[in-house]
Amino acid sequence: MSLDSAPAEAGSPAGPVLAPGSTLGILGGGQLGRMIAVAAARLGLHVHVYCPDPLSPAFEVATAHTVAAYEDEAALQAFAAAVDVVTYEFENVPERTAAVLAAAVPVRPGPRSLAICQDRLSEKTFLSGLGIPVAAFAAVDSAEDLKAAAVRIGLPAVLKTRRMGYDGKGQTIIREGFDAGAAFAAIGAKPAILEAFVPFVLECSIVLARGLDGTVVPFDVAENRHEHHILKYTTVPATVSAATAAAAREIGTKVAAALGHVGTLAVELFLVRDADGERLVANEIAPRVHNSGHWTQDAAETCQFEQHVRAVAGWPLGRAGLIAPVEMENLIGDDAGRWSAILAEPGAHLHLYGKAEARPGRKMGHVNRLNPPPRG
Ligand code: AMP
């Protein structure tokens, strides 16, 4: 173990600080874990990845890995004993998994970031409690609840499962004349939330890091375009006013501070324009590195993965200014077959995740294009 104990004074880290040569444990072996591992290796840390999938992309770039279920307490204890701090690449870490690990080793971000962000109802309640605008919402536990919620909130509206939804999975739009039983069944008849449909003009996100000492360093606001419910393009600078960009940074900072978050975090936002001007409506918090922050690898002074590693290690964060305008394109399914042409593009930086099989909808890599030509 290579830990220097630091006193918990104001402005100094709250908890142990890692020394280079320590071991970072990562729960989850997908592309996010892989890119966290690469950033950690560059800073002289060892990395141990824990994931149930034996074909995890992150294993290839880690010092050690464990293939075991998240419920396997003996494997979790052995993992905790082998690492100096644990972080995660996904927010659906089971509560018991986090608790077993936290009994033995610091887990960063902490339990509040997980508990709030795993459940859309607690997330929306938390955001509105902070005075951050969100769509009108109501809990839905049955088809009857759905009928009542639709009357209260108005239509159209979006019905989403409270837990485990991503990339548009576990959600359906509710319109006039809807069949409540069929709609509730369509999302698997699970505890859900009904949200008013937000008539946004664009989607954006604020990605930031918060250090162990509470310092927050935001990146520039990113503008996001989805195709088939999956993020396809992120562009920076976003086409939002300076006041909106400042409001996004304020939202992100408030959220991170209220969670006591340590690490990188993203807040997904809708931009609404009406007669009164522009305003932001918060949709979702990701208490982790985020796809809409991948541009930072080539176009920010310090990337989101390095900031995350610095934060969870208890180290100072880097500056996060924009180096050049950038467009990130996700390479989904067969898109990654264009790798050779992308490598030949001036100003393009290719990132591939080492996944063997290119299934439809699967994120295979991404490309960051600096100073991109305007897209029509
Ligand atoms: P989510 O799983 O909450 O990130 O939602 C996935 C996508 O569905 C978002 O990126 C939006 O494009 C759309 N969406 C989700 N919630 C709403 C809403 N309340 N109003 C309008 N569109 C939404």
Side-chain angles (χ1 to χ4, degrees), residues 30 32 89-92 113 116-128 132-140 145-146 149-176 178 183-184 186-188 190-207 221-235 238-240 248 251-252 255 265-274 278-295 328-330 332 361 363 366:
L32 300 180
E89 64 154 14
F90 67 115
E91 58 272 40
N92 291 315
S113 294
I116 292 199
C117 305
Q118 284 180 352
D119 179 336
R120 291 184 194 275
L121 182 62
S122 57
E123 188 174 58
K124 287 266 158 33
T125 307
F126 167 77
L127 286 165
S128 63
I132 296 170
V134 292
F137 64 95
V140 168
D145 284 356
L146 175 55
V151 171
R152 198 138 45 94
I153 283 171
L155 297 178
V158 188
L159 181 65
K160 303 177 178 178
T161 55
R162 282 174 57 173
R163 291 179 171 271
M164 302 299 272
Y166 68 98
D167 288 348
K169 293 186 175 68
Q171 57 180 273
T172 185
I173 295 204
I174 305 292
R175 300 179 197 280
E176 290 298 341
F178 71 104
F184 192 58
I187 58 143
K190 297 197 175 108
I193 173 172
L194 187 71
E195 291 176 17
F197 187 87
V198 179
F200 60 83
V201 292
L202 62 84
E203 294 187 71
C204 55
S205 54
I206 182 77
V207 180
V221 179
E223 182 170 335
N224 301 317
R225 271 194 16 223
H226 296 81
E227 288 180 4
H228 312 295
H229 297 288
I230 301 175
L231 180 67
K232 182 60 185 165
Y233 297 104
T234 295
T235 49
T239 52
V240 301
I251 288 172
V255 165
L265 169 147
V267 185
E268 296 178 15
L269 301 159
F270 298 129
L271 183 80
V272 178
R273 283 199 187 110
D274 53 27
E278 279 189 2
R279 66 196 162 82
L280 292 168
V281 177
N283 179 36
E284 204 170 24
I285 309 165
R288 55 171 168 79
V289 292
H290 192 254
N291 198 168
S292 72
H294 289 2
W295 62 271
M328 188 282 310
E329 179 188 358
N330 261 343
I332 297 164
K363 291 173 182 168
H366 64 274

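Both ligands and their constituent atoms are indexed starting at 1 by order of listing. Numbers here are sequence positions counted from 1. Being a predicted model, the structure only gives us computed values, none of them experimental.
- Note on Lys124 versus Glu195: salt bridge recorded, some NZ/NE/NH1/NH2 to OD/OE distance being below 4.0 Å.
- Aromatic ring orientation, Phe270 versus Phe200: parallel (interplanar angle below 30°, classes split at 30° and 60°).
- At least one N or O atom of Ala196 sits closer than 3.5 Å to an N or O atom of ligand 1.
- Arg120 and Glu284 are joined by a salt bridge, as a carboxylate oxygen and a charged side-chain nitrogen come within less than 4.0 angstrom of each other.
- Between His229 and ligand 1, not a single N/O pair is under 3.5 Å apart.
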Item to check | Phe126 vs Val255, side-chain contact (heavy atoms from CB on, under 4.5 Å): CA-CA, chis, key distance, verdict | outcome: CA-CA 9 Å; Phe126 167 77; Val255 165; 4.1 Å; yes
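- Set against the non-hydrogen atoms of Phe200, the atoms of ligand 1 under 4.0 Å away are 12 (O), 21 (C), 22 (N).
- Using a 4.0 Å cut-off to heavy atoms of Glu284, the atoms of ligand 1 that qualify are 1 (P), 3 (O), 4 (O).
- More than 12 heavy atoms of other residues, nucleotides or ligands sit less than 6.0 Å from atom NZ of Lys232.
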Next on the checklist: Show, in sequence, the C-alpha distance, side-chain angles and deciding distance for Leu159 and Gln171, and conclude whether the side-chain contact (heavy atoms from CB on, under 4.5 Å) test is met.
Outcome noted: CA-CA 5 Å; Leu159 181 65; Gln171 57 180 273; over 6 Å; no
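- When side chains are defined from C-beta on, Lys363 counts as touching Asn291, because their heavy atoms get closer than 4.5 Å.
- Taking every non-hydrogen atom of Glu203 and a distance limit under 4.0 Å, the qualifying atoms of ligand 1 come out as 9 (C), 10 (O), 11 (C), 12 (O).
- Short contacts between ligand 1 and Glu268, defined as distances under 4.0 Å to a heavy atom of the residue, involve ligand atoms 4 (O).
- Residue contacts with ligand 1, taken as heavy atom pairs separated by less than 4.0 Å, involve Val158 solely via side-chain atoms from C-beta onward.
- Remark: among candidates Lys160, His226, Glu123, the nearest residue to atom 3 (O) of ligand 1 is Lys160, based on non-hydrogen atoms.
- For ligand 1, the polar-atom distance check finds no N/O of Ala135 at less than 3.5 Å from any of the ligand's N/O atoms.
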